[in-house]
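Here, residue 1 is the first one in the sequence, and each next residue gets the next number. Both backbone and side-chain heavy atoms feed into the values below; hydrogens, waters and symmetry mates do not.
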Amino acid sequence: MKKITLIVLVFIGIVQVSLAQETKFQLSSHILDITTGKPATNVKITLSKMNKNQIWTMIEEKNTDSNGRIKDFLKQDGKDNTGIYKLTFHTSSYFKSLGNKSFYPFIEVVFELVDNEHYHVPITLSPFGYSTYRGN
């Protein structure tokens with residue numbers, strides 16, 4: 001009985017440590033294609049940051065997953081991520097893959113991170129329009 005109790009306690013300790021070490025990210029995004037009512041999958045999104053000389057520096061590029069989401073921009077590892085950022089949604093390839101033409105070959109959304117809170121920057125998308133907002 002003591003062995004079982006010890007094993008259970010060790011297991012609980014390991015689970016707590018692994019949960020405490022879960023990586024957190026400050027920025028996420030997603031794309032909803034309002035013409036289909038479905039997530040826009042495999043769309044490249046580029047994250048850039050404006051430097052002190054007001055020049056954009058690319059931070060990273062990722063593709064949306066099967067739910068049209070990217071959950072892991074800007075790792076929260078104690079660094080100060082405040083500043084002005086831009087997400088570039090590369091929509092031309094997405095619409096071409098659906099056999100559609102689009103007015104917007106890409107969409108740029110510029111925003112400012114003013115604290116260490118989580119920011120979610122989604123867009124709703126159609127071939128001839130889009131909308132964005134700060135989500136949660």
Side-chain angles (χ1 to χ4, degrees):
M1 187 67 175
K2 287 182 181 182
K3 284 184 180 181
I4 294 174
T5 303
L6 181 60
I7 291 171
V8 169
L9 289 174
V10 169
F11 178 75
I12 290 172
I14 291 170
V15 169
Q16 287 177 339
V17 168
S18 66
L19 290 176
Q21 294 177 354
E22 183 180 322
T23 304
K24 293 187 178 188
F25 295 89
Q26 188 169 359
L27 179 64
S28 58
S29 183
H30 80 268
I31 306 172
L32 177 64
D33 184 338
I34 60 174
T35 58
T36 64
K38 296 181 180 178
T41 61
N42 202 33
V43 178
K44 181 170 69 173
I45 302 177
T46 304
L47 173 65
S48 303
K49 184 176 184 181
M50 183 180 283
N51 67 22
K52 294 175 185 175
N53 298 321
Q54 296 189 337
I55 296 172
W56 292 108
T57 302
M58 186 185 82
I59 305 296
E60 57 188 325
E61 288 185 332
K62 297 179 180 259
N63 284 33
T64 57
D65 64 15
S66 61
N67 287 318
R69 296 180 180 275
I70 296 176
K71 300 175 184 177
D72 57 353
F73 278 131
L74 292 178
K75 191 177 197 178
Q76 286 184 303
D77 55 4
K79 251 181 24 178
D80 179 16
N81 289 326
T82 58
I84 297 175
Y85 290 85
K86 170 174 65 173
L87 286 174
T88 303
F89 299 84
H90 301 272
T91 56
S92 179
S93 297
Y94 169 73
F95 283 115
K96 282 181 186 175
S97 75
L98 298 176
N100 294 329
K101 292 182 179 181
S102 172
F103 184 67
Y104 302 102
F106 60 90
I107 297 164
E108 295 183 324
V109 178
V110 178
F111 54 95
E112 185 173 14
L113 302 184
V114 297
D115 52 33
N116 291 319
E117 297 295 316
H118 178 78
Y119 288 76
H120 183 66
V121 182
I123 62 171
T124 54
L125 178 64
S126 78
F128 300 101
Y130 68 92
S131 180
T132 185
Y133 55 94
R134 179 178 175 189
N136 57 12

Exercise for review: Quick one: pull up CG in Asn67 and NE2 in His30 and give me the separation to the nearest 0.5 Å.
Suggested key: 9.5 Å
Practice item. For residues Phe95 and Asp33, report the shortest heavy-atom separation together with the two atoms involved. Key: CE2-OD2, 4.3 Å
Practice item. Using a 4.5 Å cut-off on heavy atoms from C-beta on, say whether the side chain of Leu125 contacts that of Ile107. Key: yes
Check your understanding: Above 12 or not: heavy atoms from other molecules or residues under 6.0 Å from CZ of Phe128?
Key -> yes
Check your understanding: If every non-hydrogen atom of Val114 is compared with every non-hydrogen atom of Tyr119, which pair is closest and at what distance?
Key -> N-OH, 3.2 Å
Review point. By the rule that ILVMFWY residues connect when side-chain heavy atoms come within less than 4.5 angstrom, directly or transitively, which residues belong alongside Trp56?
Key: Met50, Ile84, Val110
Exercise for review: Step by step, work out the side-chain contact (heavy atoms from CB on, under 4.5 Å) result for Ile123 and Leu87.
Suggested key: CA-CA 10 Å; Ile123 62 171; Leu87 286 174; over 6 Å; no
Review point. Minimum heavy-atom separation for Pro122 to Ser29, with atom names?
Key: CA-OG, 4.2 Å
Enumerate donor-acceptor pairs with a distance under 3.5 Å from any side-chain N or O in residues 37-48 to protein atoms, sequence neighbours excluded.
unit_1, atom_1, unit_2, atom_2, d
Asn42, OD1, Asn63, ND2, 2.8
Thr46, OG1, Glu61, OE2, 2.8
Thr46, OG1, His90, NE2, 2.7

Review point. For atom CZ of Phe111, is the number of surrounding heavy atoms from other residues, nucleotides or ligands below 6.0 Å larger than 12?
Key: yes
Review point. How long is the span from the NE2 atom in His120 to the CD1 atom in Ile70, to the nearest 0.5 Å?
Key: 11.0 Å
**Study point:** Donor-acceptor pair, side chain of Gln76 and main chain of Asn116, under 3.5 angstrom
**Key:** yes
**Study point:** same_hphob_cluster(Ile59, Phe89) at 4.5 Å side-chain heavy-atom cutoff
**Key:** yes
Point to revise | Gln54, CD atom: more than 12 neighbouring heavy atoms under 6.0 Å | key: no
Check your understanding: Do the two ring centres, one from Tyr130 and one from Tyr104, sit under 6.0 Å apart?
Key -> yes
Check your understanding: Is Phe103 reachable from Ile34 through a run of hydrophobic residues whose side-chain heavy atoms are each under 4.5 Å from the next?
Key -> no
Study note, to complete from the structure: Rounding to 0.5 Å, atoms NZ (Lys75) and NZ (Lys24) come to a distance of 13.5 Å
Review point. Under 3.5 Å, is there a donor-acceptor pair between the side chain of Gln26 and the main chain of Phe73?
Key: no
Practice item. Work out which heavy atom in Asn81 is nearest to a heavy atom in Leu74; give both atom names and the distance. Key: ND2-CB, 4.0 Å
Review point. Do other residues, nucleotides or ligands put more than 12 heavy atoms under 6.0 Å from the CG atom of Asp77?
Key: yes
**Study point:** Least distance between heavy atoms, Asn51 atom then Asn53 atom
**Key:** OD1-N, 2.8 Å
Review point. Could you give the distance from CD (Glu117) to OG1 (Thr82), rounded to the nearest 0.5 Å?
Key: 13.0 Å
Practice item. Return the minimal non-hydrogen interatomic distance between His118 and Ser28, and the atom names on each side. Key: NE2-OG, 2.9 Å
Review point. Can you tell me how far NZ of Lys96 sits from OG1 of Thr91, rounded to the nearest 0.5 angstrom?
Key: 10.5 Å
